[in-house]
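Structure first, then comments.
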Amino acid sequence: MTDLRTTVVVITHNRRRELLRTLDRLAELPERPEVVVTDNGSTDGTPDAVARHHPQVRLLRPGRNLGAVGRNLAVREVTTPYVAFCDDDSWWAPGSLTGAADLLDRHPAVVSVTARIVVEPHGTEDPIVRELRESPVPGPPWLPGPALGSFLAAATVLRADAFRKAGGFHPKLWLGGEEELLAADLAADGWWLVYADHLTIHHQASEARDATLRRRHGIRNTLWFTWLRRPVGPALRRTLNLARTVPRDTTSLLAFAEAAVALPWILRERRVLPAEVETRLRLLEPAQRASKARRYTG
């Protein structure tokens, strides 16, 4: 069942044990995908462990923590038409990479396919799966699944050329909701993003994570995206809603401060989305406000 259409890209930082488990699982897949790992400046011996235990993996060592831009670096090395992202604490289920590639082959206007997320070790569905299934974004009847306004980088297969043409992940966003800006730009280019319920990725969350920093960056990145791409009225409404609903603590205050300091480059790079894409984002706002599974802004 070897499938040469998809390369798996993983970024990692100081999660040697989790990454080796993920690489073990990827090596067991019937598709036998090529795997590219960007090591974001690990100091725990991760690169040497990968080279020793998984010599077939293409290992990139930029020498510093690039955040999500580590994925951009890896995608430059990809020669297959599709790229599957997963985190160092997640792995694709057997057959799902082939299933995603089949969907992309059959639907040339679809740019990304996001899979169902199963949380390990108990095998339960991630709460965000229900929201993906019930996405309010309207789409044409030929779509192979619900249309999405964004995607989850740890659970998505994309067209590699479209990813590169759109510029990949913005270098200033680093990590934390970094997908929203790229997803909007892909939609502005005329692409559709979809959810596919029959595809699965497993996620066993690492304990080596700084949830506070990730939330701060997530709030900041939400504000940056909002003012980079939304019209003034919707941008102001979303900003005020965030100010009312995020926790009233130092983390949120720092996030708003970081967002405000960036105003000069935000204004330089501001490019309002086409009306049809903005309409989809407005339809998403009630679901976002009610979400119990938002990763970073709730």
Side-chain angles (χ1 to χ4, degrees), residues 68 84-87 89-93 96 99-100 103 107 110-120 122-141 143-158 169 173 175-187 191-205 209 211 214-215 217-219 221-223 225-226 229-230 234 237-239 241-242 244-247 273 276-298:
F85 292 127
C86 70
D87 285 345
D89 59 357
S90 63
W91 58 90
W92 287 90
S96 288
L103 286 181
H107 301 281
V110 172
V111 71
S112 69
V113 180
T114 297
R116 183 176 69 105
I117 304 169
V118 173
V119 179
E120 302 298 349
H122 301 298
T124 57
E125 280 191 351
D126 189 300
I128 206 167
V129 169
R130 179 176 179 181
E131 297 178 21
L132 297 172
R133 285 195 187 109
E134 299 175 0
S135 170
V137 177
L143 280 184
L148 301 179
S150 188
F151 65 92
L152 300 168
T156 298
V157 180
L158 298 98
F169 294 105
L173 272 60
L175 279 173
E178 70 277 5
E179 302 97 335
E180 195 169 23
L181 178 59
L182 175 59
D185 287 346
L186 288 168
W191 294 105
W192 288 96
L193 300 83
V194 303
Y195 168 70
D197 202 52
H198 66 291
L199 309 178
T200 299
I201 193 164
H202 299 271
H203 179 215
Q204 188 163 342
R209 61 175 59 213
R214 186 65 67 91
R215 180 163 66 87
H217 288 168
I219 295 170
N221 290 348
T222 296
L223 291 166
F225 161 72
T226 298
R229 294 291 183 266
R230 306 291 299 276
R237 285 196 300 273
R238 194 176 193 196
T239 300
N241 180 67
L242 276 176
R244 289 194 302 266
T245 57
V246 297
L273 293 165
E276 63 271 19
V277 179
E278 171 60 25
T279 297
R280 295 177 211 166
L281 294 181
R282 292 188 190 186
L283 290 172
L284 276 171
E285 288 177 347
Q288 289 174 334
R289 287 194 293 268
S291 172
K292 299 183 183 301
R294 292 287 287 173
R295 293 298 203 270
Y296 309 116
T297 59

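What's counted below: heavy atoms across the whole structure, side chains too, no hydrogens, waters or symmetry copies.
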Exercise. Just by distance, do the side chain of S90 and the backbone of C86 share a donor-acceptor pair under 3.5 Å?
Worked result: no
For this session: Answer yes or no: is there a side-chain heavy-atom contact under 4.5 Å between L281 and F225?
Result: yes
Exercise. Would you find a donor on one side and an acceptor on the other, under 3.5 Å apart, between the side chain of N221 and the backbone of G177?
Worked result: no
Problem set entry | Sidechain-backbone polar pair: S112 side chain, L193 backbone, donor-acceptor under 3.5 Å | no
For this session: For P146 and R133, work out which heavy atoms get closest and say how close.
Result: CG-O, 3.7 Å
For this session: State, yes or no, whether a side-chain contact exists between D185 and R229 at a heavy-atom distance under 4.5 Å.
Result: yes
Exercise. Any idea which heavy atoms bring I201 and A154 closest together, and the distance?
Worked result: CD1-O, 2.9 Å
Exercise. Would you find a donor on one side and an acceptor on the other, under 3.5 Å apart, between the side chain of E179 and the backbone of A153?
Worked result: yes
Seminar exercise, completed: Minimal heavy-atom distance between P138 and A147, with the atoms involved, is O-CB, 4.1 Å
Exercise. Roughly how far, to the nearest 0.5 Å, is CG of L181 from CG of L186?
Worked result: 9.5 Å
Problem set entry | Member of T114, V113, V111 meeting the side chain to side chain contact (heavy atoms under 4.5 Å, CB included) criterion with F151 | T114
Exercise. Which pair of non-hydrogen atoms, one from A115 and one from T200, has the smallest distance, and what is that distance?
Worked result: CB-N, 3.9 Å
For this session: Rounded to the nearest 0.5 Å, what's the gap from CD on E131 to CG on L284? Could you check?
Result: 10.5 Å
Problem set entry | Separation between CZ of R116 and CG of L132, rounded to the nearest 0.5 Å | 11.5 Å
For this session: Kindly determine whether V110 and L103 satisfy side-chain contact (heavy atoms from CB on, under 4.5 Å), including the steps that lead there.
Result: CA-CA 8 Å; V110 172; L103 286 181; over 6 Å; no
For this session: Measure the spacing between CZ of R280 and OG of S135 and express it to the nearest 0.5 Å.
Result: 10.5 Å
Problem set entry | Separation between CD of E278 and CD of E276, rounded to the nearest 0.5 Å | 10.5 Å
Seminar exercise, completed: Closest non-hydrogen atoms of G149 and A183, given as atom of the first, atom of the second and distance, are O-CB, 3.7 Å
Exercise. Under the 3.5 angstrom rule, does the side chain of D87 hit a backbone N or O of D89 as a donor-acceptor pair?
Worked result: no
For this session: State, with a plain yes or no, whether a side-chain heavy atom of T239 is found less than 4.5 Å away from one of L223.
Result: yes
For this session: Under the side-chain contact (heavy atoms from CB on, under 4.5 Å) rule, what do L143 and H107 come out as? Steps first, then yes or no, please.
Result: CA-CA 8 Å; L143 280 184; H107 301 281; over 6 Å; no
For this session: Determine the minimum heavy-atom distance between A205 and H203, stating which atoms define it.
Result: CA-NE2, 3.6 Å
For this session: Kindly say whether G176 contributes a backbone atom to a donor-acceptor pair with the side chain of E178 at under 3.5 angstrom?
Result: yes
Exercise. What do the steps show when you test T222 against R238 for side-chain contact (heavy atoms from CB on, under 4.5 Å), and what is the final call?
Worked result: CA-CA 9 Å; T222 296; R238 194 176 193 196; 3.7 Å; yes
Exercise. How are the rings of F85 and F169 set to each other: parallel, tilted or perpendicular (split at 30° and 60°)?
Worked result: tilted
Exercise. In terms of heavy-atom contacts, does CZ of R130 have more than 12 from other residues, nucleotides or ligands at under 6.0 Å?
Worked result: no
